[in-house]
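Remarks on the structure that follows.
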There are 2 protein chains.
Amino acid sequence: MATIHDVAKMAKVSVTTVSRVLNNRGYISETTRNKVFQTMKELNYQPNELARSLLRKQSNVIGLIIPNVAHPFFAELASHVERYAYENGYKIMLCNSHLDPVKEKEYIDMLKRNRVDGIIMGSHTLEVKEYKELHSPIVTIDRQISEEIPFISSDNYEGGRLAAQLLVDKGCRKIAHICGNLELQLLANQRTAAFRDVMAENEIEPIIIQTDMNVFDEQQYEQIMSRLFAEHPEIDGLFATSDIIASFAVKECRKADKHIPEQIKIVGYDDVSAANWITPSLTTIRQPIAEIGRVAVDSIIRQMNNEPLEHRYVLEVELVERLTT
Amino acid sequence: MATIHDVAKMAKVSVTTVSRVLNNRGYISETTRNKVFQTMKELNYQPNELARSLLRKQSNVIGLIIPNVAHPFFAELASHVERYAYENGYKIMLCNSHLDPVKEKEYIDMLKRNRVDGIIMGSHTLEVKEYKELHSPIVTIDRQISEEIPFISSDNYEGGRLAAQLLVDKGCRKIAHICGNLELQLLANQRTAAFRDVMAENEIEPIIIQTDMNVFDEQQYEQIMSRLFAEHPEIDGLFATSDIIASFAVKECRKADKHIPEQIKIVGYDDVSAANWITPSLTTIRQPIAEIGRVAVDSIIRQMNNEPLEHRYVLEVELVERLTT
DNA sequence: TTGTACGCGTTATCAA
DNA sequence: TTGATAACGCGTACAA
């Protein structure tokens with residue numbers, strides 16, 4: 001692979017000159033500029049970004065740590081993050097933590113060794129202390145680590161409220177809610193808080209089921225659903241904390257021959273594309289995933305440039321009514 | 001961020017010594033080794049991989065170019081690729097081409113500038129010539145560019161045959177097939193060839209619908225499905241070239257009040273997780289996505305090390321019967 | 001067992 | 001308008 005020296009030699013100029021035309025800095029005569037461009041084409045020269053990054057102390061790489069890209073929510077998030085990063089001249093290094101604290105820590109160290117310009121954290125299995133000691137531009141998705149570390153989330157409380165209220169308004173009186181592990185300090189837990197509040201306001205005894213969520217384990221979902229319906233056959237409303245879980249609920253209803261939405265109504269969360277693939281298509285709470293991705297990238301870039309930035313972004317959610325309510 | 005010099009100074013040794021304990025090379029006394037490790041901890045030293053890569057001419061980064069991670073097949077592929085890469089000490093740079101030739105070319109150049117050790121190409125919008133001129137370890141998924149460039153695919157012909165034969169065996173006589181754009185030279189086209197062959201063997205007039213696939217456009221899928229059922233209300237069997245398309249078929253059947261599997265049977269392709277989320281769960285042709293990812297990473301590493309390697313991997317597919325047939 | 005000095009490919013500084 | 005040189009952080013040949 002050709003280096004700047006090769007170009008310089010072939011174009012019979014100094015490396016400085018080549019560097020100049022490359023970065024369009026300082027004065028260069030039209031003649032030399034053209035000559036240099038010419039030889040760059042000839043040699044198919046691609047400047048070595050590793051050397052550039054080393055010198056500039058800036059790699060233009062952003063690390064993205066998420067539980068697993070195979071999960072639709074994170075897949076869509078990753079897609080948008082990648083797109084906004086690319087539009088701003090950044091590349092994405094993809095890391096799936098599988099919610100394993102060891103792996104998450106190793107990934108963080110790996111990213112630091114590679115001198116990424118910032119880290120977008122969508123996985124949160126470590127202690128607050130560890131994130132604080134990072135000393136790197138960082139932004140978290142759906143978890144507030146501390147006052148200093150910016151976070152992005154959508155309005156989880158409002159989302160939970162919208163979902164719960166919809167079920168109540170539609171006449172449900174035996175309502176279940178399936179959430180993730182509430183031990184983890186995730187902002188998503190506010191959905192459950194909102195659900196509780198709405199149930200209390202309406203004097204409905206809530207049924208709340210925690211999933212492990214430590215692995216997006218689909219077998220687990222199936223089991224939980226079948227147990228739920230076995231133990232509470234009278235359920236007429238269900239609010240699931242993800243569209244995928246809601247899909248399994250739909251599936252279980254089919255098995256149990258409970259008609260949707262006549263006998264039971266179901267509300268999902270996220271509004272990933274999959275919510276619209278399944279039959280009947282899911283009523284759900286839409287998170288602005290593209291916006292979350294955009295703001296995450298933007299926040300990293302602002303931190304790098306010491307530009308002013310918000311430390312909390314709480315984006316709006318929206319109820320999307322489809323066929324399960 | 002601490003450098004090797006900082007560590008050396010604080011440990012009162014030379015940088016060489018630090019480098020030695022870091023890479024575990026040559027002789028070092030236990031005493032100095034411990035002392036160095038100690039100060040590395042104290043300074044929270046992370047060796048600069050950019051500098052290392054520059055020197056070793058090896059970045060341990062693999063570029064992954066796919067149409068879009070938001071599509072379940074590529075999301076799962078990316079997840080497995082990332083995992084195998086990580087297990088072998090490699091990182092993944094994620095690129096979504098959106099099947100745009102300009103973007104794909106820019107990504108290839110970007111990856112070369114960043115001196116990635118290899119490129120896994122899951123997006124194929126360029127001319128054969130351009131791929132041949134890459135001079136970099138490369139492996140393609142589901143497209144054969146030339147004799148020299150290794151490719152990985154699953155047995156598309158067999159997959160198509162299994163799907164078509166199943167529908168025939170189950171008694172379907174009016175069978176439709178929805179495939180991608182056959183103009184692109186993808187190996188996936190063999191599914192359609194197999195479908196044609198099976199239909200001919202059984203003297204069934206095939207109905208074949210091409211989708212644009214240039215964007216995984218879900219609105220397009222909805223339109224195609226509704227037109228298909230309007231024009232051919234007699235259809236009793238459908239083979240879709242992806243599980244997502246099959247999901248939309250299921251949805252349309254519900255709208256048209258066609259019962260699955262009694263009145264119409266549907267077979268998908270890929271066996272992504274989503275095939276099992278929808279109701280009824282999809283009969284589909286399983287591609288070994290994890291294996292494809294593993295072989296892709298392995299192929300890149302072999303090419304780097306000039307180890308012997310296959311130039312064609314055609315992995316086995318499997319019929320997974322669920323509730324739509 | 002440890003240290004000195006050079007080179008990896010670039011860019012910035014200074015000089016011509 | 002152009003060129004020589006130092007430096008970025010690291011690994012290795014060679015010397016001690």
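Letters go in sequence order (proteins before strands), and every chain restarts at 1.
Between the P atom of D/dT1 and the CG atom of A/Asn24 lies a distance of 13 Å, rounded to the nearest Å. Per the geometry, NZ belonging to A/Lys9 stands 20 Å off P belonging to D/dT2, to the nearest Å. When rounded to the nearest whole Å, the span between NZ of A/Lys35 and P of D/dT1 equals 14 Å. In this structure, CG of A/Asn23 is placed 17 Å from P of C/dG9, rounded to the nearest angstrom. Nucleotide C/dT10 holds its P atom 9 Å from the CD atom of A/Glu49, rounded to whole Å. Between the CD1 atom of A/Ile4 and the C1' atom of C/dG7 there is a distance of 16 Å, rounded to whole Å. The CG-P distance, from A/Leu55 to D/dT5, rounds to 18 Å in whole Å. In this entry the distance linking NZ of A/Lys112 with C1' of D/dG9 reads 17 Å, nearest Å.
Side-chain contact between A/Met121 and A/Glu104 is present, with at least one heavy-atom pair separated by less than 4.5 Å.
An OP1 or OP2 oxygen of C/dC8 is reached within less than 4.0 angstrom by no side-chain nitrogen or oxygen of A/Asn48. Dashed line: the shortest gap from a side-chain N or O of A/Tyr27 to OP1 or OP2 of D/dG3 is not under 4.0 Å. A close approach under 4.0 Å does not occur between any side-chain nitrogen or oxygen of B/Thr16 and OP1 or OP2 of C/dG3. Look at B/Arg56 and you won't find any side-chain N or O under 4.0 angstrom from OP1 or OP2 of D/dC10. Between B/Thr3 and D/dG9 there is no side-chain polar atom (N or O) within less than 4.0 angstrom of OP1 or OP2. The phosphate of D/dT2 has OP1 or OP2 within less than 4.0 Å of a side-chain N or O from A/Ser29. Applying the 4.0 Å criterion to OP1 and OP2 of D/dC8, one finds that A/Ser53 has every side-chain N and O outside that range. Dashed line: the shortest gap from a side-chain N or O of A/Thr32 to OP1 or OP2 of D/dT2 is under 4.0 Å. Using a 4.0 Å cut-off, some side-chain N or O of A/Ser14 falls inside it from OP1 or OP2 of D/dG3.
Residue A/Ile28 is in sugar-phosphate contact alone, with no base atom involved, counting any heavy-atom pair closer than 4.0 Å across all strands shown. Contacts of A/Arg20 with the nucleic acid, taken as non-hydrogen atoms under 4.0 Å apart, include base atoms.
Between A/Arg33 and A/Val15, the residue anchored nearer the 5' end of DNA chain D, judged by the nucleotide with its closest heavy atom, is A/Arg33. In terms of position on DNA chain C, the residue among B/Thr17 and B/Lys57 whose nearest nucleotide sits closer to the 5' end is B/Thr17.
Checking side-chain atoms of B/Gln46 against main-chain N and O of A/Lys112 turns up no donor-acceptor pair under 3.5 Å. No donor-acceptor pair closer than 3.5 Å links the side chain of B/Asp142 to the backbone N or O of B/Ser153.
With respect to A/Lys103 and A/Glu106, no salt bridge is recorded, no charged nitrogen being found less than 4.0 Å from a carboxylate O.
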* To do: In sequence, state the C-alpha distance, the side-chain angles, and the governing distance for B/Tyr313 and B/Val139, and then conclude on side-chain contact (heavy atoms from CB on, under 4.5 Å).
  => CA-CA 10 Å; B/Tyr313 286 93; B/Val139 57; over 6 Å; no
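The side chain of B/Arg25 approaches D/dT12 more closely than any other nucleotide in the set C/dT10, D/dC10, D/dT12. Considering only side-chain atoms of B/Leu54, the nucleotide from C/dC8, D/dG11, C/dT11 that sits closest is C/dC8.
Separating the NZ atom in A/Lys132 from the CD atom in A/Glu127 is a distance of 12.0 Å, to the nearest 0.5 Å.
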